[in-house]
Enquirer: 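The following block contains the structure, expressed as structure tokens.
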Amino acid sequence: MAEPAARGTTPGIVAPTPAVARPSVIQLVFREKGALYAAYMPMFTDGGIFVPTTRDYKLGEDIYLLLSLPDDPQRYPVAGKVGWITPANASGGRTQGVGVRFPSDEKSRGLRQRIEETLGTSLSSAKPTQTI
């Protein structure tokens, strides 16, 4: 004997499940140290990177990055979260985009160390960046 259909449904038809939003996947390639310096966000505990984009994001939203660093053939996958938003028409002519916080894990610590090694003494520079 078939089970009765739930009220408001048609027997034999399965209602679609709501789509779960998947994180954006962004490939980011840094060919020069200057561009990496401008995008790196050391103010996040585990590090982070600024991603220029016109897409609207919310704080805490998931973003998946594939990062390439200058003079490094390896691509670094990062499952980060939006921790900074620079809106369109921001003051100071800043580029619209988001800051992606690196997760608190061993891979991210290694990536942060690799970025800081690449940047070397320029980390203490007073040159402006994409964020602060």
Side-chain angles (χ1 to χ4, degrees):
M1 180 171 173
E3 291 187 32
R7 197 173 271 164
T9 64
T10 306
I13 307 248
V14 178
T17 55
V20 176
R22 288 200 263 183
S24 295
V25 178
I26 299 173
Q27 188 166 310
L28 205 54
V29 178
F30 292 98
R31 296 190 190 334
E32 302 170 358
K33 285 183 188 180
L36 180 60
Y37 168 80
Y40 182 54
M41 301 181 78
M43 75 283 283
F44 290 136
T45 304
D46 297 298
I49 204 86
F50 180 80
V51 178
T53 180
T54 56
R55 181 175 161 193
D56 288 329
Y57 286 95
K58 292 179 176 51
L59 288 174
E61 194 170 337
D62 292 327
I63 294 186
Y64 189 78
L65 300 177
L66 288 172
L67 236 111
S68 296
L69 303 177
D71 304 319
D72 187 342
Q74 184 175 346
R75 285 194 334 179
Y76 297 89
V78 177
K81 292 195 178 289
V82 174
W84 174 283
I85 298 173
T86 301
N89 305 315
S91 65
R94 296 196 188 277
T95 303
Q96 180 180 0
V98 294
V100 177
R101 283 184 296 124
F102 295 163
S104 184
D105 61 21
E106 202 56 44
K107 283 184 180 179
S108 294
R109 281 187 278 283
L111 175 56
R112 180 183 182 144
Q113 183 177 8
R114 179 73 181 101
I115 290 171
E116 291 181 356
E117 285 170 359
T118 299
L119 295 176
T121 57
S122 64
L123 268 176
S124 56
S125 171
K127 288 177 18 181
T129 68
Q130 301 272 3
T131 54
I132 295 179

Enquirer: Of all residues at least two apart in sequence or in a different chain, which pass the side chain to side chain donor-acceptor pair (under 3.5 Å) check with Glu32?
Expert: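 In terms of side chain to side chain donor-acceptor pair (under 3.5 Å), with neighbours along the sequence ignored, Glu32 is linked to no residue.
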Enquirer: So Leu36 and Ile49, do their side chains get closer than 4.5 Å, heavy atoms only?
Expert: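 Heavy-atom side-chain distance check passes, below 4.5 Å.
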Enquirer: Hey, does the side chain of Arg112 reach the backbone of Pro42 with a donor-acceptor pair shorter than 3.5 angstrom?
Expert: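 The answer is yes, because a donor-acceptor pair under 3.5 Å joins these two groups.
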Enquirer: Can you name the closest pair of heavy atoms from Gly48 and Tyr40 and give their distance?
Expert: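 Closest approach of Gly48 to Tyr40: O-CD1, 3.3 Å.
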Enquirer: Please tell me whether Arg114 and Thr118 have a donor and an acceptor in their side chains that are separated by less than 3.5 angstrom.
Expert: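 A donor-acceptor contact under 3.5 Å links the two side chains.
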Enquirer: Please tell me if the side chains of Ile63 and Val82 come closer than 4.5 Å, counting only heavy atoms from C-beta onward.
Expert: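 Yes, at least one pair of side-chain atoms sits under 4.5 Å.
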Enquirer: Are there more than 12 heavy atoms of other residues, nucleotides or ligands under 6.0 Å from atom CZ of Arg109?
Expert: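 Yes, enclosed.
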Enquirer: One pair to check against side-chain contact (heavy atoms from CB on, under 4.5 Å): Leu69 and Ile115. What are the steps and the verdict?
Expert: CA-CA 8 Å; Leu69 303 177; Ile115 290 171; 3.9 Å; yes
Enquirer: OG1/Thr53 to CD/Gln96 distance, rounded to the nearest 0.5 angstrom?
Expert: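 Taking OG1 in Thr53 and CD in Gln96, the distance rounds to 7.0 Å.
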Enquirer: Quick check: closest heavy atoms across Glu61 and Tyr57, and the distance to 0.1 Å?
Expert: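 Shortest heavy-atom separation between Glu61 and Tyr57 comes out as OE1-CA, 3.5 Å.
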Enquirer: When rounded to the nearest 0.5 angstrom, what is the spacing between CG in Asp105 and CG in Asp46?
Expert: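 If I round to the nearest 0.5 Å, the distance is 8.0 Å.
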Enquirer: Closest approach of Pro103 and Gly80, non-hydrogen atoms and distance?
Expert: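 Shortest heavy-atom contact: CD-CA, 4.3 Å.
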Enquirer: Within this structure, what is the CZ-CG distance for the pair Phe102 and Leu65, rounded to the nearest 0.5 Å?
Expert: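 Those atoms lie 7.0 Å apart.
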Enquirer: So, for Leu59 and Gly83, which heavy atoms are closest and what is the spacing to 0.1 Å?
Expert: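 So the two residues come closest at CD2-C, 3.7 Å.
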